[in-house]
Amino acid sequence: MTTAMPTLLRRLLAVSVLAIGVASFTPARTNASPAAPADRVTSLAPKAAVPKVRGVAVVDMQKVLNDTKQGVAARKKLEDSSKAKQEKLDGKRKKLEADQAKLKNLAGEKLAQAEEALQKDYVEMQQIYMTMQQELAADEGRVLETIYKNCTSVIDKIAAEMEIDLVLIRDETTVLFAEPGLDITDTLVKRYNAKYPS
């Protein structure tokens with residue numbers, strides 16, 4: 001037996017003796033004393049009022065993005081921007097491929113210079129690609145932020161009218177199941193389109 005074990009055993013015994021001592025001094029509950037000490041302690045503690053939830057609803061934000069006029073217009077704008085950026089990138093890539101094909105006809109100093117220029121162009125193309133990706137992500141983020149903010153202003157009124165206290169975004173990672181009647185996405189899309197036509 002290690003030296004730690006007797007110390008642990010002594011502590012457990014001390015706690016047990018203390019618990020027995022406290023229990024023996026606790027007054028018995030009688031008819032004259034309706035509240036036990038535990039009841040008195042809890043009655044002195046402030047009680048937190050938990051409001052009753054009148055209603056819960058879910059919203060499919062992907063459907064909002066796909067079905068609202070503003071979402072459709074934003075998606076088209078993002079796709080057009082992405083296409084233009086991709087065409088620019090494809091032009092750079094084709095030029096690189098053509099320059100690389102010319103290398104087989106070169107030798108010596110000209111080959112070394114062409115390879116160095118090709119390497120610089122390749123690094124530049126990678127930087128352009130990274131910048132384009134960042135720009136597209138930033139554009140998409142701004143669109144999502146705008147639509148989300150607009151949804152909040154519309155959903156406030158819907159929630160008040162339908163006496164809903166909690167609206168969740170329907171997502172496989174957060175809402176595993178919801179009764180179809182709790183989904184108010186169609187109502188949100190209709191109201192959103194009326195308030196934000198484009």
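Throughout, residue positions are numbered sequentially from 1 according to the sequence presented.
- The shortest side-chain heavy-atom distance between Leu136 and Gln133 falls under the 4.5 Å cut-off.
- No side-chain heavy atom of Lys149 sits less than 4.5 Å from a side-chain heavy atom of Thr152.
- Contact of the Leu144 side chain with the Leu65 side chain is registered, since non-hydrogen atoms from C-beta on lie closer than 4.5 Å.
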Report the C-alpha distance between Lys76 and Val72 in whole Å, list the side-chain angles of each, state the deciding distance to 0.1 Å, and finish with yes or no for side-chain contact (heavy atoms from CB on, under 4.5 Å).
-> CA-CA 6 Å; Lys76 184 176 182 338; Val72 170; 5.7 Å; no
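- Side-chain contact between Gln113 and Glu109 is present, with at least one heavy-atom pair separated by less than 4.5 Å.
- Residues Val64 and Val154 fall within the same hydrophobic cluster, defined by Ile, Leu, Val, Met, Phe, Trp and Tyr side chains chained together at heavy-atom separations under 4.5 Å.
- Distance check, rounded to the nearest 0.5 Å: OG1 of Thr131 to CD of Glu124 gives 10.5 Å.
- Inter-residue side-chain proximity for Gln70 and Val143 is flagged as unmet; no heavy-atom pair is nearer than 4.5 Å.
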Please step through side-chain hydrogen bond (donor to acceptor under 3.5 Å, both in side chains) for the pair Tyr196 and Ser153, ending with a clear verdict.
-> CA-CA 11 Å; Tyr196 303 101; Ser153 71; 3.0 Å; yes
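- In the hydrophobic clustering of this structure, Leu188 does not group with Val56; members are Ile, Leu, Val, Met, Phe, Trp, Tyr whose side-chain heavy atoms approach within less than 4.5 Å, directly or through other members.
- Note that CD of Gln62 and CG of Asp67 are 9.5 Å apart. Values are rounded to the nearest 0.5 Å.
- Between the CG atom of Leu89 and the CD atom of Glu87 there is a distance of 11.0 Å, given to the nearest 0.5 Å.
- Tested against Asp90, the residues Lys92, Lys88, Arg93 include a single salt bridge (charged side-chain N to carboxylate O under 4.0 Å, His left out) partner, Arg93.
- Remark: Lys77 does not engage Asp80 in a salt bridge, criterion side-chain N to carboxylate O under 4.0 Å.
- Placement of Tyr129 and Val123 in two distinct hydrophobic clusters is found when ILVMFWY residues are connected by side-chain heavy-atom separations under 4.5 Å, directly or transitively.
- The shortest distance between side-chain heavy atoms of Glu115 and Leu103 falls below 4.5 Å.
- Between Thr185 and Asp60, the closest heavy-atom pair is OG1-N, 2.8 Å.
- Residues Asn150 and Lys195 form no side-chain contact, since every pair of their non-hydrogen atoms from C-beta on lies 4.5 Å or further apart.
- Scanning both residues, Ile147 and Gly71, for their nearest heavy atoms gives CD1-CA, 3.7 Å.
- Between Arg54 and Asp165 there is a salt bridge, since at least one side-chain N of the basic residue sits less than 4.0 Å from a carboxylate O of the acidic one.
- Side-chain atoms of Thr146 come within 3.5 Å of backbone N or O of Arg142 as a donor-acceptor pair.
- Using a cutoff of 4.0 Å between basic side-chain nitrogens and carboxylate oxygens, Lys157 and Glu161 are not scored as salt-bridged.
- Residues Val175 and Ile164 do not share a hydrophobic cluster, defined by chaining ILVMFWY side chains whose heavy atoms lie under 4.5 Å apart.
- Each of Ile158, Ile184, Ile169 was compared with Val59 under the side chain to side chain contact (heavy atoms under 4.5 Å, CB included) criterion, and only Ile184 meets it.
- The nearest pair of heavy atoms linking Leu106 to Ala114 is CD1-CB, 3.5 Å.
- Expressed to the nearest 0.5 Å, how far CG of Asn105 lies from NZ of Lys110 amounts to 11.5 Å.
- For the pair Leu182/Leu168, no side-chain contact is recorded, criterion being any heavy-atom separation below 4.5 Å from C-beta on.
- Using a 4.0 Å cut-off between charged side-chain N and carboxylate O, Lys63 and Asp186 make a salt bridge.
- Atom CD of Gln119 sits about 10.0 Å away from atom CG of Leu96, to the nearest 0.5 Å.
- Scanning both residues, Cys151 and Met61, for their nearest heavy atoms gives SG-CE, 3.9 Å.
- To the nearest 0.5 Å, atom OG of residue Ser81 and atom CD of residue Glu140 are 11.0 Å apart.
- Crowding of Glu145 atom CD: a count of heavy atoms from other residues, nucleotides or ligands under 6.0 Å not exceeding 12.
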